[in-house]
Amino acid sequence: YQRIRKSTIHRHGGDKLCYGPGTLPVLGNALKFLQPRHLLFDWFVHCQRKYGKETFGISIPTLPSGVVINDPAILEYVLRNESTITKGEFFRRRSWDLFGHGIINSDGELWKTQRKAGLKFFTGANLDTLIEDVLPNAYMEIRAVLLEAAGSGQSLDLEATLLDLTTAVVGRMAYDMSISASSPFSRAFDYASDQTGRRFQNPLYLITELFVGSKFRSSLAEVKKFGREIVWNAKVNRDERKPEASFSGFGSLVNSLMDAFDDDPNLTADAALNFLSAGRDTTAQSLTWTFYSLMRHPSALAILRKEADSTFAQSPPDHKSDKEEHSDTLIKLSVANLQPTNLPHAMSIFNESLRLYPPVPFEIKQCQVDTMLPDGTFLPKGSIIIWCIWAMNRSPSAWGDDADSFRPERWLTNPATSKDGHDETAKLITKSAFEFPVFNGGPRSCLGKKMAELMACWVLVQMWSEFDFEEITGTQGAEKERRSKNSLTLPMEGGLPCYVRLRAREREEEK
Ligand code: HEM
C-alpha cells in the first residue's frame, strides 16, 4: 500500500484531491485540452472560481499525472525550488525543436551560463542606449507608416506594427542586426511557435505531425537557418573589430553568449534565438493588448494623456515630413523620466493590461524528486505542476469582485480623486512576483522585465501623444472581447486592425 501511495498524487491529512470539473473516467481532461485556447482559458478561470486557492488534479492519458496550483504561496514554493522543480522533460520534449539548448528550455549549468550572459546585457548603460537611441530610431520607421495611414485613411494592423517595432529593437540591441517582422524568419517563427503551443494541448502530437507537420518542419528549418545567420554576423563584426561589437551597446548579447559558449555556433544560435523570442513577441503583444484596452476605455486614455502632457510639456510634433531626425520630432525621454514614480498612471494601465492579458498565459514545471507542496499535496517524481496566469490574474479573492474588469486604478494608492481622474499624488502599488506572476518569479524571473516596462511607457507616451487609434469593429465578432490565437504566448486572433488619425488636439490646431 505504501508503495502505491508513494507513486500517486495524494493529499496528506486525509483530504481528497479534487479533479477539475468535467473530468471523465478514462479520458480525464484530454478533451478539455483539445478545445480552442480561449475555451481552455475559460475552463481554468471556472476551476479557479470553484476551488479558489486549492490545488487540484489534472489527468490526461499518456501524460505524467499533475496538478494545477492557484495559490501565490505555493507558486512561491515551486519557483524558489528551482533545483528540484524544473522545466523538465515534459516541457523540453515539446519545445526542443524550436528552443533547442536555449535558456527557455534549459536547466542546470546550461541555464546558469545563459542567465549570466543575459545579466551582463541588461545593464543600466544598455537601457539608456535602448531609450535614447535604438527605440527612437526604430520608431521613426513605424511612425512613417502611421503617418501614411493617417493621411490615406487606410487601416493598419496595429499588432503587426508593434511587432515590427519590437523586432527591430531587440534585433539591434541584442545582435546589431536589422530584423524585420515580415521576414521569412519572422513568419516561420510565428508558425513554429503556434505549432509548438499546440503540442502542449495535444497528447498525440507526434502522430498528428506525421501527417500535417511538413510546414512546421520547414518553418523550424528556416528558424534554425536564421540562428546561424545571427552567429555568423556576430563573428564577422568581431573579426572586423567593429567598435560597437563589444560587451556593451549594440550586439553585446550575442557577444556575451559566444564568449560563454567558447564560440560554439550551435549553442550560441539556440541561445540567441531564445532571447529574441522571449523579448520581441511578449513585448509587442503586451502593447497590443494595452492599446486595445485603451481604445475600449476612453477614460483611462484621457488619464494617460493628461499625465504624459503634464509630465513632458512639449510643442506638438511637425507632421509635415517623416524624414526628420528623431531628436527634432519626438518627445525626449530618458530612463530616469520613464520611472513608475514619474508615470504612475501609465504603469497602472500597462500592469492592468498585463493582468488581464498576460503574454505568457500558462506555465509548466516538472518534479525531479518526490515533492510535498506546502498545502500537503504529495507529488511523485515526474509529476507536472501547471499554473494558469490568465486564471490566477482573474481571481476574485486576489483582485476583488471586479477582477474581470479593466480598472487601472486598482494599481494606485491614491485612486483618482480629481475630476478628470488624473491624480498627481498617486503612487503605484507593487505586488510580489508570486501574486502577479506575469514576469515569473524566483531565480528564473524574466530578465527583460525592466526593458519591457521602459519600452511600454515610452511607446504609450510617444504614440498616444501624437495619434488617435480607432479599433475596427463590426467584422465578425470584433465588437466582442478579442481572443488570443494559438501560440506559446498571447497574439491576438486576427491582429488588431485600426484606423489611425492625428490626435484631435493637433487636428483642431490645424483648422
Ligand atoms: C511584457 C513583456 C514580457 C513578459 C510578460 C515576459 C514574461 C516572462 C516570463 C513569464 C518568463 C518565464 C518563462 C519560463 O520560464 O517559462 C520570462 C523569462 C524570460 N524573459 Fe521575459 N517577458 C517579457 C519581456 C522580455 C524581454 C523584453 C526580454 C529580453 C529582451 C525577456 C527575456 C527573458 C528571458 C531571457 C527569460 C528567461 C529567464 C530564465 O529562464 O532565467 N523578456 N519572461
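One is the number of the first residue; the rest follow in order along the sequence. Whatever order the structure lists ligands and atoms in, that order sets their numbers, starting from 1.
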Distance from [atom] to nearest protein heavy atom, with residue and atom:
atom	answer
atom 36 (C) of ligand 1	Leu447 N, 4.2 Å
atom 6 (C) of ligand 1	Phe439 CD2, 3.7 Å
atom 23 (C) of ligand 1	Thr282 OG1, 3.4 Å
atom 11 (C) of ligand 1	Asn440 CB, 4.0 Å
atom 7 (C) of ligand 1	Val438 O, 3.3 Å
atom 26 (C) of ligand 1	Gly279 CA, 3.4 Å
atom 19 (C) of ligand 1	Cys446 CA, 3.8 Å
atom 33 (C) of ligand 1	Ala278 CB, 3.6 Å

Short question: side chain of [X], backbone of [Y] - any donor-acceptor pair under 3.5 Å?
X	Y	answer
Glu76	Phe434	no
Glu352	Arg407	yes
Tyr175	Ala272	yes
Asn440	Arg444	yes
Arg305	Trp464	yes
Asp281	Ser277	no

Gln285 CD to Glu159 CD distance, which is reported to the nearest 0.5 Å: 6.0 Å

Spacing of NZ belonging to Lys224 relative to CG belonging to Leu273, to within rounding of 0.5 Å: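 Lys224 NZ to Leu273 CG: 6.5 Å, rounded to 0.5 Å.
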
Atoms in ligand 1 flagged as close to [X], the criterion being non-hydrogen separation under 4.0 Å:
X	value
Arg115	38 (C), 39 (C), 41 (O)
Pro359	5 (C)
Phe275	35 (C)
Phe122	29 (C), 30 (C)
Ala452	1 (C), 2 (C), 24 (C)
Lys87	14 (C), 15 (O), 16 (O)
Glu363	10 (C), 12 (C), 13 (C), 14 (C), 16 (O)
Ser286	1 (C)

Within-cut-off N or O pair, Ser445 and ligand 1, under 3.5 Å: no

Polar atom proximity, Thr283 to ligand 1 (N or O, under 3.5 Å): no

Which segment of Val360 sits under 4.0 Å of ligand 1 when only heavy atoms are counted: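 Under 4.0 Å from ligand 1, Val360 contributes side-chain atoms alone.
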
Proximity of Met455 to ligand 1 by residue part, where a heavy atom lies under 4.0 Å: neither

Aromatic plane relationship, Trp399 with Trp411 - under 30° parallel, 30 to 60° tilted, over 60° perpendicular: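 Answer is tilted, since the angle falls between 30° and 60°.
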
Aromatic plane relationship, Trp289 with Tyr292 - under 30° parallel, 30 to 60° tilted, over 60° perpendicular: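 Plane angle over 60°, so perpendicular.
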
Trp111 to ligand 1, any heavy atom closer than 4.0 Å: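 The answer is yes: ligand 1 sits under 4.0 Å from a heavy atom of Trp111.
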
Ligand 1 contacted by Val170 (non-hydrogen, < 4.0 Å): no

Cation-pi geometry met for Arg94 and Phe90 (6.0 Å, 45°):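 The answer is yes; both the distance and angle limits are met.
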
Distance under 6.0 Å and angle within 45° of ring axis: Arg93 vs Trp96: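 The answer is no, since Arg93 fails at least one limit relative to Trp96.
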
Of Lys112, Arg92, Lys365, Lys87, the residue whose pairing with Asp107 passes salt bridge (Lys or Arg N to Asp or Glu O under 4.0 Å):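 Filter result, single survivor: Arg92.
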
